[in-house]
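I have placed the structure first, in the form of structure tokens, so that the comments after it can refer back to it.
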There are 2 protein chains.
Amino acid sequence: MIQELKDNYGHLFENDLLNEINQVGTFKEVPEGFKMISIGDYVKAMPLLISGAIKILREDNDGDELLLYFLEKGDTCAMTLTCCLGQTKSEIKAIAETDAKLIMIPIQKMEEWSAKYKSWRNFVFESYHNRLNEMLETIDSIAFLKMDERLLKYLNEKARVSEDGTIRNTHQEIAYELHTSRVVISRLLKKLENLGEIKLHRNYITLLK
Amino acid sequence: MIQELKDNYGHLFENDLLNEINQVGTFKEVPEGFKMISIGDYVKAMPLLISGAIKILREDNDGDELLLYFLEKGDTCAMTLTCCLGQTKSEIKAIAETDAKLIMIPIQKMEEWSAKYKSWRNFVFESYHNRLNEMLETIDSIAFLKMDERLLKYLNEKARVSEDGTIRNTHQEIAYELHTSRVVISRLLKKLENLGEIKLHRNYITLLK
DNA sequence: AAAATAATGTAACCCTTGTTACACAAATTA
DNA sequence: TAATTTGTGTAACAAGGGTTACATTATTTT
């Protein structure tokens with residue numbers, strides 16, 4: 001494990017901290033689609049992402065959902081951070097977008113390291129900063145963009161975090177994550193295809209530009 | 001100043017920290033409507049809110065805006081926190097919703113206090129947590145609610161932070177903050193009035209329920 | 001191979017929201 | 001007080017996106 005830890009976090013943390021992480025952290029692999037956190041869960045460990053991508057979703061009372069953002073390697077979950085510290089329930093849902101590798105840190109260490117390591121504090125603060133900015137991006141999309149623009153942006157993000165640049169989702173799945181209906185997505189996808197932006201296939205989509 | 005500091009932050013911070021804040025912080029009063037931060041600004045001090053309310057807005061490239069949330073007494077601005085630490089530009093706009101009193105902390109102290117005071121770290125973490133949750137609330141509203149529901153929620157928040165419980169805004173101003181048009185707001189306000197939820201006047205609105 | 005299931009394409013329709021236009025009333029200024 | 005500006009009410013229409021319904025094609029199961 002130490003090697004993957006060094007590769008991804010070596011430039012962020014001093015050696016003492018890396019060694020501590022190596023000692024108390026547990027390595028974990030999750031398959032694509034694995035549900036890592038549900039709304040209402042109490043979180044008892046903090047993940048450091050080594051590889052893969054995790055999608056973070058919001059859900060309303062009717063079960064309608066909305067994609068907020070993706071976590072990628074080098075990221076951690078700011079929501080988890082606060083949940084751990086405050087002992088509050090999770091407000092979001094986390095699902096592995098691809099197969100992913102992570103190091104899980106027991107929450108007791110967080111307070112200790114925050115006092116001890118400047119690099120840890122900076123990491124936590126920067127993590128919050130990134131997450132807040134991603135939330136702003138999400139707000140920009142739903143507040144200021146029309147559905148076709150949102151869709152194109154969504155497809156680009158999906159392609160970025162996927163292994164091979166293709167989007168392996170059905171129209172229905174896309175509709176759920178954008179909180180709209182399958183018919184609307186099919187309609188707009190066809191429009192984007194006619195514009196030469198994408199190529200549609202059964203179960204997957206490729207970007208052309 | 002020490003009294004107002006104690007009243008609002010005494011239960012959060014230990015005495016040593018309160019004394020330090022008292023020494024290095026500068027007291028500031030701003031009138032309603034005062035523009036405290038614009039998008040792109042570099043922020044050089046962190047505010048601790050003593051009284052009044054600050055509204056935090058997002059703006060897109062066309063100058064369209066959207067109300068994100070209000071800061072009230074006991075709050076600080078998480079965005080500012082990260083801007084200070086990371087030396088990055090502000091992503092949001094902050095305007096005094098009411099007359100407000102604040103204590104401004106020079107940013108150099110933040111790193112120092114984060115190492116020194118557990119209560120400061122907790123305050124900062126909790127502040128991030130609150131802001132993330134408020135962003136989620138905002139996302140819920142724009143993603144899952146219809147405009148009439150958003151409007152009613154907006155009116156309730158406005159009334160909460162105002163001195164006397166009335167909403168002193170024109171329909172045009174409300175339209176800007178919800179990122180819609182004046183005609184839509186007038187239409188929905190009239191509907192809410194007919195439902196007995198509110199009473200309309202020129203330049204202000206009162207809630208009935 | 002036949003039947004069932006899953007994914008997509010598309011038409012027709014409706015509702016919410018956005019737009020344009022204009023009337024009228026209240027407040028401010030000349 | 002007359003003229004102008006500001007705020008509100010409302011009608012008529014347009015556009016985006018949500019809904020229902022059904023056809024077609026690909027894939028999986030029997």
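Only this structure's heavy atoms are used, side chains among them; waters, hydrogens and symmetry mates stay out. Sequence lines set the chain letters: A, B, ... in the order given, protein chains first and strands last, and positions in each chain run from 1.
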key: Cationic N near anionic O, under 4.0 Å, B:D140 to A:R58   = yes
request  = Provide, to the nearest angstrom, the distance between the NZ atom belonging to A:K190 and the C1' atom belonging to C:dT10.
outcome  = 10 Å
ask   = Under 4.0 angstrom, heavy atoms only, what part of the nucleic acid is A:D148 near: base, sugar-phosphate, or nothing?
value = nothing
message = Looking only at the side chain of B:R187 (C-beta and beyond, no hydrogens), which of the listed nucleotides C:dT10, C:dA7, C:dT17 gets closest?
response = C:dT17
key: Lys/Arg-Asp/Glu bridge criterion (N-O < 4.0 Å) met for B:K93, B:E65   = yes
ask   = Judged by modelled atom types alone, do B:E134 and B:N130 share a side-chain donor-acceptor pair under 3.5 Å?
value = no
key: Protein-nucleotide distance (A:Q172, atom CD; C:dG9, atom C1'), rounded to Å   = 15 Å
query = Among all residues two or more places apart in sequence or in another chain, which pass the side-chain hydrogen bond (donor to acceptor under 3.5 Å, both in side chains) test with B:K190?
reply = B:E193
query = When the nearest nucleotide of DNA chain C is assigned to B:R202 and to B:L188 on a heavy-atom basis, which residue is associated with the more 5' position?
reply = B:L188
note = So the contacted stretch of DNA chain D, first to last nucleotide with an atom under 4.0 Å from a non-hydrogen atom of chain B, runs from D:dT6 to D:dA12
query = Is any side-chain heavy atom of B:M46 closer than 4.5 Å to a side-chain heavy atom of B:T76?
reply = yes
inquiry  = What's the closest nucleotide to the side chain of A:R182 if the choices are C:dA7, C:dG18, C:dG9?
reply    = C:dG9
message = What is the separation between atom CG on B:L189 and atom P on C:dT17, rounded to the nearest whole Å?
response = 13 Å
Run the side-chain donor-acceptor check on residues 144-151 of chain B: report pairs under 3.5 Å with partners two or more places apart or on a different chain.
residue, atom, partner, partner atom, Å
B:D148, OD2, B:K191, NZ, 3.1
B:E149, OE1, B:K146, N, 2.9
B:R150, NH2, B:L178, O, 3.0

query = Just checking A:S181: base, sugar-phosphate only, or nothing, at a heavy-atom cut-off of under 4.0 Å?
reply = base
ask   = Could you state the NE2-C1' distance from A:H201 to C:dA6, rounded to the nearest angstrom?
value = 18 Å
ask   = With sugar-phosphate meaning primed atoms plus P, OP1 and OP2, does A:H179 contact a base, only sugar-phosphate, or nothing at under 4.0 Å between heavy atoms?
value = nothing
key: Atom-to-atom span, CG of B:L145 to P of C:dT16 - whole angstrom   = 15 Å
key: Rounded interatomic separation in angstrom, taking CE from A:M147 and P from C:dT16   = 17 Å
ask   = To the nearest Å, how far apart are A:N203 CG and C:dT5 P?
value = 18 Å
inquiry  = Expressed as a whole number of angstroms, how long is the span from A:I185:CD1 to C:dA7:C1'?
reply    = 14 Å
CA sep, side-chain torsions, deciding dist, call: A:Y69, A:E137, side chain to side chain donor-acceptor pair (under 3.5 Å) = CA-CA 9 Å; A:Y69 51 80; A:E137 273 278 307; over 6 Å; no
